[in-house]
Amino acid sequence: GIFPETYIHLKEATVKDRGQHETVIPGELPLGQELTSTLREWAVIWHKLYVDNKTTQFRHVQQLTYSLIEWRSQILSGTLPKDELAELKKKVTAKIDYGNRILGLDLVVRDDNGNILDPDETSTISLFKAHETASKRIDERIQEEKVRQPIFNTTHTYSLYVNFKNFVCNIGEDAELLMSLYDPDLSKFISENYLVRWGSNGMPKEIEKLNNLQAVFTDLSSSDLIRPKISLVCQIVRVGHMELKDGKKHTCGLRRPFGVAVMDITDIIHGKLLPGDLAQVQKDFSHLVDRSTAVARKMGFPEIILPGDVRNDIYVTLIQGEFDKGKKKTPKNVEVTMSVHDEDGNLQEKAIHPGAGYEGVSEYKSVVYYQVKQPYWYETVKVSIAIEEVSRCHLRFTFRHRSSQESRDKSERAFGMAFVKLMNADGTTLQDGKHNLIIYKGDNKKMEDAKSYLTLPYTKVEMEEKETSSGKSLHHLANFTPNKDSTKDSFQIATLICSTKLTQNVDLLGLLNWRSNSQNIAHNLRKLMEVEGGEIVKFLQDTLDALFNIMMEMSENETYDFLVFDALVFIISLIGDIKFQHFNPVLETYIYKHFSATLAYVKLTKVLNCYVGNADDSSKTELLFAALKALKYLFRFIGIFVACMTAILRQMNDYHYNHYINTFKTRQDIIDFLMETFIMFKDLIGKNVYPSDWMVMNMMQSRVFLRAVNQFTSVLNRFFLDQTSFELQLWNNYFHLAVAFLTHESLQLETFSQAKRSKIIKKYGDMRKEIGFKIRDMWYNLGPHKIKFIPAMVGPILEVTLVPEPELRKATIPIFFDMMQCEYNFSGNRNFHMFENELITRLDQEVEGGRGDEQYKILLEKLLLEHCRKHKYLSASGEKFAWLVSSLLENLLDYRTIMHDESKENRMSCTVNVLNFYKEKKREDIYIRYLYKLRDLHTDCENFTEAAYTLLLHLNFLCDLSVVMNAFNCIFSLCSSSLTSLPSSYLEMWEKAIQLSKELADMYENKVFDYEGLSNVLKKRATFYENIMKAMRPQPEYFAVGYYGQGFPSFLRNKIFIYRGKEYERREDFNLKLLTQFPSAEKMTSTAPPGEEIKSSPKQYVQCFIVKPVMNLPPNYKDKPVPEQILNYYRANEVQQFTHSRPFRKGEKDPENEFATMWIERTTYTTAYSFPGILKWFEVRQISTISPLENAIETMELTNEKISNIVQQHVWDRSLPVHPLSMLLNGIVDPAVMGGYTNYEKAFFTEKYLQEHPEDQDKIELLKQLIALQMPLLAEGIRIHGEKLTEQLKPLHDRLTACFRELKKKVEKQYGVITLPPSLTERKPSRSGSVVLPYIMSSTLRRLSVTSVASSVVSTLCMGICL
């Protein structure tokens, strides 16, 4: 066969419904079957709890699961006696019911014998009462188990949140940063370390932790808050060579001390801590503390120990040592290696934790001190091993000399070894405090053999005790040489145990292990009263178990009854202490549980009676027993009348329904009955009469209600459908009831586990399909009455179609086409606008609420297109509508998905896509709602300029004057805020504020006649003008970003966007932000457009480069003396075109004229909208490039503008420094440059070029004109330069004059003479007396020069230059 026979176990089973839907019923006990199915269902949830890192719940379910597995094996073994099987059955069913409740699963109802009730064989009232009883029983059990429920709201536990920003220290090697809390008064560290491993490159070793280094120090109590001083200490350990100067041949990887940093955080501890333990902090401050946050616990228990807080931490501190130098001339460089081993010497992997934030290590190596005889380490680590392994484990310390020379270091062996056992011979754990360990020396193999040394004493105290008791020296044991006489080596550690399962108290241990030490029960019970309270509450559940077990199992000895009673009274008084108040629910649960046992009740009552009868002060005893009050139970009252009504309806068949309807005397009586019934059913469905875990009761009620509703539909069709008897409200109530039933949460099968889904379908079927098909049929029955339900029924039908059940969707989506057709035929407008508008509105609401998916979009589009294309009149408009709805759904689904994205930029993009859709469809109501969502996203990111532009769009839809004024003021404040009222990332838009202030002023003056408001606006406007002229405003950079590859979402894929950067944002910072947003993207190094290979790749490629905005001056500024301060705004704002120049060689390189084949490709990008706008980025809609000749023309025009403007500045302000003018002139007239004309002549002014490019004749003439135009500009510049001449500049000026003379002679000979009018160099004072600097464009220079030539010497035209 396929499997060996020994691996196969045949089980008896019965097969029902053979075929596709067959069911295999095992022949084992029903309880065994239930256990199997329960464990399978729990396993899925258990796995999810593990994945979600819900540790507490995971462990809880683990305990429950292990119990069921153990009991299942006992039941299946078939060896249990009948009475034990019956008792075990009760325990199993109770555990299953309890587990189902805490996991949110359905309640299982049983009979008195624990068997699951069959609802088909049980009356409705009996079923209801069984639910009530089962729920009550589980509530009581839950109350017992709620040991973590706080009694008081007062916070007793606190946490300190630390966000590590950066470490700046030029070490040159890797480093470890260990941060911990320190009490300077006690000279004591009070917390674990928070470890950060820092690389030599100045960044975290794990790059994913960059900007994500955060820790929370937990378990701090009120006693820590009142410490006089507390510090945050950061110890810096260098990881590398012995000395920083060492080279490659020297030993590396050594942990060497480097430095320490200390911060006094007393004030923070006293007033700025996060209240609550770790779980509470993660819940209340989830924006700070998440799964990636490292958790450093306090070394010791918090003030209040929470019940169920399982902890098993052993803290080991390497304190000091002394090591003889032996044969060496200098002291050793000692490195201590610590590891954890079991009794067989097996290494415990990753058991040592140097600090929070990293996994454990198997071996911990200490810091190495260079040539120090008595090193002091004070290094603390945490040892974490399974509780059951502690008794078998010990710590091993090996000592090794580390040489700075790598060759020598490799030959160095461990020269000594020490160890310490974690558990003493009497079963108690290692005592807290310092331990002086013996250093054993000898053969290295012996040092690694646990059996060779575990029989030896491990502390000096233990050795002295053994020597005293035996009278013999223990030197040279097992070929080891202890250090007592032969050497002076010593080693000291300190340990601290923080465990809720390991005790260091021998008396408490004796009580917990009373069965193995029964002769000392009385002694241990008396000693319990002397045990420290903190030790008892750690083991409270185990202690109570032991006390009640002693009472019940040692019933022949009444002495134990009194001692147990005394112990219980002691524990009650102990729990009264505020330090242990959280354990009160645990105590109540245990006492309540054992009181339910007859023997415990009898014994405790007997002792109480004895005490009451003999005690002098009975009131004291009553006070001691106050804690034994009955527990409070939570019951949920459910109106039993619903169950009664359901029971009646359940017994009715078709005859009963028909007979009942026939008893009504009038038509109105039937209407009233159906109205009230539909409203009542809908109300009961909406109110969730029964708890959600009463699955059987809920499903039975739904089945009964469904049958009743289906009965009533026949009444609707029979009495209220024709034209004369139609009842609109009755039909409307029916549809709303049916939709409410279909969409009820208890019927949404896809939200349930596979096991529950299968169980429901098998027993009840999918009732949604039944009612959904009935809704479809009832709709088509309406005939001409359908128009009365449009658009009101569009939303409810949409809810039905959105239910993720394929057959239901296919059956109900065609109703949409029927509605379109109906409105088209009967509305009189020959359109379906009412339906269209309502569907768009409701789709937006439903998808944003979480309903709908990609499959729905595809199916809706497919079915609508199929029906519309078959229709004579709706084929065109219907098809257009189908594509429109599909597009809307795509945008809405993208929006919903991206709203959970951390990237607010992506969220903004999707919001704008939806905005544009609703703008196109003129849906102002929805459009405005998304406008304000976009506004909120911008303000969250401090994009106040974009937020203001977003609000501006709302103004287009406002009519009410007061609303318009309020909106204006809101935008006005965003645009006009002062320099200090908003964050520094804000760019002041005073020009836009001035524009708005004019509109506001007009409203104040001419519409609302508010002169006081007008006065304030005018005052503000004056400050805006002043700010423009005097205040500094940084100009943002603009970046072109291309997203290439199929790995990007559709709204980014293979598109180019222009981004407006924040102030002072560098390209490197922008790139980092971009790649952080897309961590898997690959950055492209070339700025050239990518090929199809990259665009079609499944990967992500990002291309980013700086572009220059093209200034777009308003018409009223052109050719006028506009101050530079005003122009600066337009250099980076009100822009829509951007340029990027990329040099490339076209053809082979010409050695004589390299310029001829070197082309400059300048690309102009035109965006969809101008900047700034409603986004900080817009898509590029048009890309154009220019030829080298056009580039040369623009270069000359810009050069001429530059010369002209600097000349104007010097003409109008003689105080300006001459240095910039000197540099500009020298760069142009220098013989090596010669204005750059030579290159132009070689490249463009040749017969060959004209033959190849005859279309460029006019452009060549224009370039010649520009060259000629530059001469008078340079002449004016050199004249001004001569007027400002100094002795130092005289040689330069003489050289400039001579060079210009040659240049001018050549240009005028070839390109003619141009004379500028004196109006360009006149000096005009501004109104305020300051100099106004004009901005003269190149086109203006050419126009003025034409006039000049025409009115001057005719001989200048001798070269045929026609300007």
Side-chain angles (χ1 to χ4, degrees), residues 163 165 210-212 286-288 290 848 894-916 927-954 967 970-989 992-993 1033-1041 1043 1048-1049 1051-1052 1057-1079 1081 1102 1104 1132-1133 1135 1167-1179:
N163 192 342
K165 294 294 187 183
L210 183 65
N211 299 325
N212 191 29
S286 56
H287 60 291
L288 294 177
D290 55 25
E848 188 176 5
D894 281 346
Y895 174 82
R896 187 180 72 190
T897 303
I898 220 71
M899 279 302 105
H900 303 291
D901 197 315
E902 293 182 1
S903 168
K904 290 189 177 179
E905 288 81 3
N906 287 347
R907 290 158 65 180
M908 291 177 190
S909 294
C910 281
T911 306
V912 170
N913 289 343
V914 179
L915 262 181
N916 290 336
Y927 175 79
I928 291 169
R929 185 157 58 88
Y930 281 94
L931 267 183
Y932 280 87
K933 289 183 178 183
L934 181 60
R935 188 276 311 267
D936 294 339
L937 284 171
H938 278 311
T939 51
D940 288 345
C941 296
E942 299 183 353
N943 299 339
F944 298 107
T945 300
E946 287 70 25
Y949 273 90
T950 301
L951 288 178
L952 272 175
L953 296 178
H954 189 191
C970 180
I971 303 168
F972 184 60
S973 63
L974 278 172
C975 292
S976 63
S977 295
S978 65
L979 291 171
T980 57
S981 63
L982 287 175
S984 60
S985 60
Y986 176 72
L987 299 177
E988 295 81 4
M989 303 293 292
K992 202 71 181 175
R1033 278 189 293 183
Q1035 292 189 356
E1037 292 273 19
Y1038 284 90
F1039 307 95
V1041 179
Y1043 300 96
F1048 285 109
F1051 59 89
L1052 296 176
F1057 295 82
I1058 301 296
Y1059 281 76
R1060 177 185 173 97
K1062 292 181 180 283
E1063 62 178 52
Y1064 304 117
E1065 187 170 30
R1066 301 176 305 167
R1067 186 177 65 175
E1068 295 78 10
D1069 299 328
F1070 183 81
N1071 271 332
L1072 180 61
K1073 182 172 70 174
L1074 202 63
L1075 293 175
T1076 302
Q1077 186 179 345
F1078 299 102
V1102 173
C1104 178
N1133 298 286
V1135 289
T1167 54
Y1169 305 96
S1170 63
F1171 288 93
I1174 63 171
L1175 287 175
K1176 291 190 82 69
W1177 62 94
F1178 289 119
E1179 185 180 350

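- In this structure the side chain of Asp1069 never reaches within 4.5 angstrom of the side chain of Tyr1064, judged on heavy atoms.
- Once rounded to the nearest 0.5 Å, the distance linking CG of Leu951 with CD1 of Ile928 reads 11.0 Å.
- The side chain to side chain contact (heavy atoms under 4.5 Å, CB included) test applied to Leu210 returns Met203, Pro204, Ile207, not counting sequence neighbours.
- Looking only at side-chain heavy atoms (C-beta outward), Val912 and Tyr1169 stay at 4.5 Å or farther from each other.
- In this structure, Glu1037 and Glu1065 have side chains that are not in contact, with every pair of non-hydrogen atoms separated by 4.5 Å or more.
- The minimum heavy-atom distance linking Ile1058 with Phe1171 is given by the pair O-CZ, 3.2 Å.
- Looking at heavy atoms from C-beta onward, Arg1067 lies in side-chain contact with Asn1071 at the 4.5 angstrom threshold.
- Rounded to the nearest 0.5 angstrom, Leu934 CG and Leu1175 CG are separated by 6.0 Å.
- The two residues Arg1060 and Ala1132 come nearest to each other via the heavy atoms NH1-O, 3.2 Å.
- Residues passing the side chain to side chain contact (heavy atoms under 4.5 Å, CB included) test with Leu1074 are Val1041, Tyr1043, Phe1070, Val1102, Cys1104, sequence neighbours excluded.
- Between Glu942 and Lys1062 there is no salt bridge, since none of the side-chain N atoms of the basic residue sits less than 4.0 Å from a carboxylate O of the acidic one.
- In this structure, Trp1177 and Tyr1059 have parallel ring planes: the angle between them is below the 30° cut-off, well short of the 60° mark.
- Between Lys933 and Val914 the shortest side-chain heavy-atom distance does not fall below 4.5 Å.
- Minimum interatomic distance between Lys992 and Tyr949 (heavy atoms only, all atoms of both residues): CD-OH, 3.6 Å.
- The line from CE of Met989 to CG of Asn1133 is 4.5 Å long, rounded to the nearest 0.5 Å.
- One finds the NZ atom of Lys1176 at 10.5 Å from the CZ atom of Phe1039 (value rounded to the nearest 0.5 Å).
- Atoms CD and CG, from Glu946 and Leu937 in turn, are 12.5 Å apart once rounded to the nearest 0.5 Å.
- Rounding to the nearest 0.5 Å places CG of Leu931 at 7.5 Å from CD1 of Ile1174.
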